[in-house]
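What follows is a single structure, written as structure tokens, with notes after it.
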Amino acid sequence: MCDQKLPTIWILGGPGSGKGTLCDRIVAKYGFTHISTGDLLRDEVNTGSARGQELVKIMKEGALVPTSVVMELLKEKIASKLESSKGFLIDGYPREKQQGEEFEKTIGPVDMVLYLKSDDDTMVARLLKRAETSGRSDDNLETIKKRLETFHANNDPIIEAYQSKTVIISAQQTAEAVFAEAETYLDSLQ
Ligand code: AP5
């Protein structure tokens with residue numbers, strides 16, 4: 001599905017590690033298309049559809065929604081941007097190893113995996129701060145703890161499977177420093 005020449009980058013990291021923040025900066029410099037699976041799911045919830053109502057329950061539990069649902073939304077979005085895109089930043093996907101396999105089988109190969117590594121305390125503190133204004137139903141301590149559990153249960157096998165394409169960046173530095181480090185890797189893709 002993806003044009004082989006378009007770079008495809010997966011942005012991984014726990015809840016609140018700074019995936020979206022980094023993607024905004026990458027988009028500003030490189031002009032890539034940013035697709036956040038969390039945003040796609042929240043858009044579906046906001047339609048008020050029956051499927052959206054099921055999704056919000058799962059997201060409030062901090063669990064993973066079924067891969068088939070995420071893949072359908074992801075494929076649709078990528079297809080709609082293929083003509084105009086300079087490359088894709090896929091934020092928050094894959095969340096489990098099998099999602100990565102499914103992506104490469106049906107969409108195309110990944111070129112680089114950027115993993116934002118952080119300790120839990122930092123992520124919790126950032127999300128609780130964001131909760132003051134985000135209005136997100138999953139930005140509360142109970143759900144944040146479950147999101148972290150889900151992340152820890154699934155992330156290592158993904159990193160292991162894509163070791164040769166993965167770069168690990170400490171998320172515990174300023175957003176500017178995170179981006180500066182990411183730039184050194186992204187420049188090699190140009
Ligand atoms: P999703 O929306 O992807 O949530 P998440 O992974 O928990 O990540 P966040 O968006 O909360 O945080 P972020 O890492 O983007 O950090 P941000 O830049 O915003 O997913 C939500 C739910 O949808 C999942 O729990 C799941 O249920 C479902 N879902 C999504 N994808 C799925 C999939 N593939 N399969 C199945 N289910 C899926 O930053 C956070 C805060 O920190 C901000 O306030 C920011 O300003 C601040 N900040 C960022 N960087 C820094 C920094 N360097 N220093 C200081 N503060 C910083």
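Indexing begins at 1, ligand by ligand and atom by atom, following the structure's order. Every value quoted in this text rests on a predicted model; they were computed, and no experiment measured them.
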Handout entry: Pairs satisfying side chain to side chain donor-acceptor pair (under 3.5 Å), at least one member in residues 141-153, at least two apart
Key = E61-K146, D120-H152, D139-R147, N140-T143

Completion exercise
Contacts for ligand 1, heavy atom under 4.0 Å, by chain and number, are G14, P15, G16, S17, G18, K19, G20, T21, T37, G38, L41, R42, M59, A63, L64, V65, V70, G92, Y93, R95, Q99, R126, L127, R130, R136, D138, R147, A171, Q173, T174, A175

Practice task
Kindly write out the residues that satisfy side chain to side chain contact (heavy atoms under 4.5 Å, CB included) with E101, not counting sequence neighbours, or none if the list is empty.
Solution key: K97, Q98, Y162

Fill in the blank from the handout: Applied to residues 29-59, the ring-ring contact (aromatic ring centres under 6.0 Å, His included) test, sequence neighbours excluded, yields Y30-F32

Handout entry: Centroid separation W10 to F103 less than 6.0 Å
Key = yes

Exercise for the section: Could you verify whether a donor N or O on one side chain and an acceptor N or O on the other, from E102 and T67, lie under 3.5 Å apart? Expected result: no

Problem - Common cluster, V70/F88, ILVMFWY with side-chain heavy-atom separation under 4.5 Å - result: yes

